[in-house]
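One structure is given below, encoded as structure tokens.
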Amino acid sequence: MKNSFKLHLRLVCLNCMLLIAGCSDNNHSEKNVVQQQPAPVRHQDRFGRYDSIGNLGGKPVSIPSGVVFTWVRYIGDPGDFDSSIKAQLYNRPPVTYQLPIESFGFQYRLTDGAVKTSSEQTDADYMHDNITLIPKMKPFPWGHVIVYNIVDLNKPRNYNLALEESLQATKKVYHFNYIEQSEPVYGLIYLKANNGIDPSTNKPWQEDTSGPDIFISKNNNDEIKTYIECDFIGKVQYCSHLFYIDNNMHVTISISYNRVYLKLWQQTEKNITAILNSWIVTNDGKLIKKQAGKI
């Protein structure tokens, strides 16, 4: 009986040892799998700053760190001022060239198409223009660009509905219509609030908050691909310019700038498209073009 008990005990101990060895092997294998997953290629600028990477409009991108204004936001990231428990516990997935970007911003010079990069000459130019031009109310040549990823490609990629809703809201709240002008401006269809007359005074507008000038551009399918609203009162007048990039990547762009530079709207769209295209890389992160904003 004792011999049988001892034999049973030995078998149990042997099984435990095998299980422990097996668990150890499994853990080792799992560690190997994790270790074998290569980290994505991350490019650097001449200061050693790593690019921000991700997927933008269906394309893998590598965005120079010095270009990004504030930070790159990824889809799923909590809001800037979200202090909820869920936000505090949020754990972003590993950043790869497949992780979809939600939005990011940068500064663009309208006069020559340059991108502002921190610690480079354009950074010094930007600060100089801030100090010398803005206090004197002279045209500031820089525009703030925000790039938004388009994730749902089934939704209409035009501003037709946005314009319609804006015109309806104006009519409902302020009781006037926008009138399309007979002559285009810089190739843009020009819509003027109540034909330039304030209905409450029956005189030319003295303020433009309720009825900014609207400029649009349509493609051959009658889709509004460019939508611009501009101030027309005051010494310093600004424009808010929206447009779609829909050929190589799917994104929508917002840029604000001094109205003096409205005449450059087509070149601005072309330049910003080229800037974004310069940040497209291969699926494994290899550079394709010289990156805009990087020396």
Side-chain angles (χ1 to χ4, degrees), residues 39-110 113-127 129-130 140 142-152 240-245 249-257 268 271-281 283-285 287-295:
V41 174
R42 299 289 290 269
H43 301 285
Q44 296 172 271
D45 62 15
R46 66 194 187 99
F47 301 104
R49 299 175 296 196
Y50 284 95
D51 290 3
S52 295
I53 66 172
N55 193 280
L56 181 66
K59 297 290 183 179
V61 292
S62 185
I63 308 165
S65 175
V67 164
V68 177
F69 184 74
T70 63
W71 56 80
V72 172
R73 176 183 295 283
Y74 296 88
I75 290 177
D77 283 357
D80 296 345
F81 305 104
D82 188 348
S83 59
S84 66
I85 298 298
K86 183 179 179 181
Q88 295 175 30
L89 296 176
Y90 176 74
N91 187 21
R92 180 193 289 161
V95 177
T96 67
Y97 289 101
Q98 286 69 51
L99 186 66
I101 292 171
E102 182 181 289
S103 63
F104 68 96
F106 63 92
Q107 304 289 344
Y108 166 84
R109 188 159 56 197
L110 289 108
V115 178
K116 185 179 87 68
T117 305
S118 61
S119 302
E120 298 289 3
Q121 182 58 48
T122 49
D123 197 13
D125 294 343
Y126 181 85
M127 293 303 297
D129 291 342
N130 257 297
F140 188 60
W142 297 87
H144 181 213
V145 179
I146 304 178
V147 183
Y148 298 96
N149 198 350
I150 299 176
V151 180
D152 188 355
S240 176
H241 180 164
L242 303 174
F243 68 96
Y244 279 94
I245 296 176
M249 62 169 60
H250 304 290
V251 295
T252 183
I253 307 295
S254 168
I255 176 172
S256 58
Y257 51 76
T268 296
N271 288 346
I272 291 176
T273 300
I275 289 167
L276 296 182
N277 283 339
S278 79
W279 296 334
I280 296 175
V281 295
N283 288 330
D284 56 356
L287 297 179
I288 299 173
K289 299 179 179 178
K290 177 175 171 53
Q291 295 168 289
K294 189 180 284 187
I295 303 299

With side-chain contact (heavy atoms from CB on, under 4.5 Å) as the criterion, how do Asp284 and Val41 come out once you've worked through the C-alpha distance, each side chain's angles and the decisive distance to 0.1 Å? CA-CA 7 Å; Asp284 56 356; Val41 174; 5.9 Å; no

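- Taking each heavy atom of Pro60 and Asn55 in turn, the nearest pair found is N-ND2, 3.8 Å.
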Ile63 vs Ile101, test: side-chain contact (heavy atoms from CB on, under 4.5 Å). Steps then yes/no.
CA-CA 11 Å; Ile63 308 165; Ile101 292 171; 4.1 Å; yes

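- Of the inter-residue distances, the one linking Lys289 atom NZ with Trp279 atom CH2 reads 13.0 Å to the nearest 0.5 angstrom.
- Two residues are said to be in side-chain contact when any heavy atoms from C-beta on lie closer than 4.5 Å; Ile75 and Glu102 meet this criterion.
- Counting only residues at least two apart or on different chains, the salt bridge (charged side-chain N to carboxylate O under 4.0 Å, His left out) pairs with a member in residues 50-63 are Asp51-Lys294.
- For Phe243, the ring-ring contact (aromatic ring centres under 6.0 Å, His included) criterion is met by His241, not counting sequence neighbours.
- How far CE of Met249 is from CD1 of Ile280: 3.5 Å, rounded to the nearest 0.5 Å.
- Taking 4.5 Å as the limit, some side-chain heavy atom of Phe104 sits within range of a side-chain heavy atom of Leu56.
- Closest non-hydrogen pair, Ile53 versus Ser62, comes out as CG2-OG, 4.1 Å.
- Scored by the side-chain contact (heavy atoms from CB on, under 4.5 Å) test, Asn271 finds Tyr108, Gln267 as partners (sequence neighbours excluded).
- The backbone N or O of Pro64 sits nowhere less than 3.5 Å from a side-chain atom of His43 that would complete a donor-acceptor pair.
- Judged as a salt bridge (Lys or Arg N to Asp or Glu O under 4.0 Å), and not counting sequence neighbours, the contacts of Asp125 are Arg109.
- Taking His250 as the reference, Asp246 meet the side-chain hydrogen bond (donor to acceptor under 3.5 Å, both in side chains) condition, with sequence neighbours excluded.
- In this view, Asp82 and Ser84 satisfy the side-chain hydrogen bond (donor to acceptor under 3.5 Å, both in side chains) rule, not counting sequence neighbours.
- The ring-ring contact (aromatic ring centres under 6.0 Å, His included) with Trp142 is formed by just one residue from the set Tyr126, Phe69, Tyr257; it is Tyr126.
- We find the CD1-CD1 distance between Ile253 and Ile245 to be 4.0 Å, quoted to the nearest 0.5 Å.
- Of all heavy-atom pairs spanning Ser254 and Leu242, the tightest one is CB-CD2, 3.6 Å.
- With sequence neighbours left out, Thr122 forms a side-chain hydrogen bond (donor to acceptor under 3.5 Å, both in side chains) with no residue at all.
- Among all heavy-atom pairs drawn from Asn149 and Val251, the shortest one is CA-CG1, 4.3 Å.
- For Asp152, there are no side-chain hydrogen bond (donor to acceptor under 3.5 Å, both in side chains) partners two or more places apart in sequence or in a different chain.
- In this structure, the side-chain contact (heavy atoms from CB on, under 4.5 Å) partners of Leu89, at least two apart in sequence or on a different chain, are Ile85.
- The side-chain contact (heavy atoms from CB on, under 4.5 Å) search around Gln44 returns Tyr50, not counting sequence neighbours.
- A ring-ring contact (aromatic ring centres under 6.0 Å, His included) check over residues 70-100, counting only residues at least two apart or in different chains, returns nothing.
- Not a single donor-acceptor pair under 3.5 Å links the side chain of Thr117 to the backbone N or O of Gly66.
- Counting all heavy atoms, side chain and backbone alike, Ala292 lies closest to Val67 at O-CG2, 4.1 Å.
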Q. Could you walk me through whether Asn130 and Phe140 pass the side-chain contact (heavy atoms from CB on, under 4.5 Å) check?
A. CA-CA 8 Å; Asn130 257 297; Phe140 188 60; 3.7 Å; yes

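- Arg49 is linked by a salt bridge (Lys or Arg N to Asp or Glu O under 4.0 Å) to Asp45, counting only residues two or more places apart in sequence or in another chain.
- Interatomic distance, Ser278 OG to Lys290 NZ, rounded to the nearest 0.5 Å: 9.0 Å.
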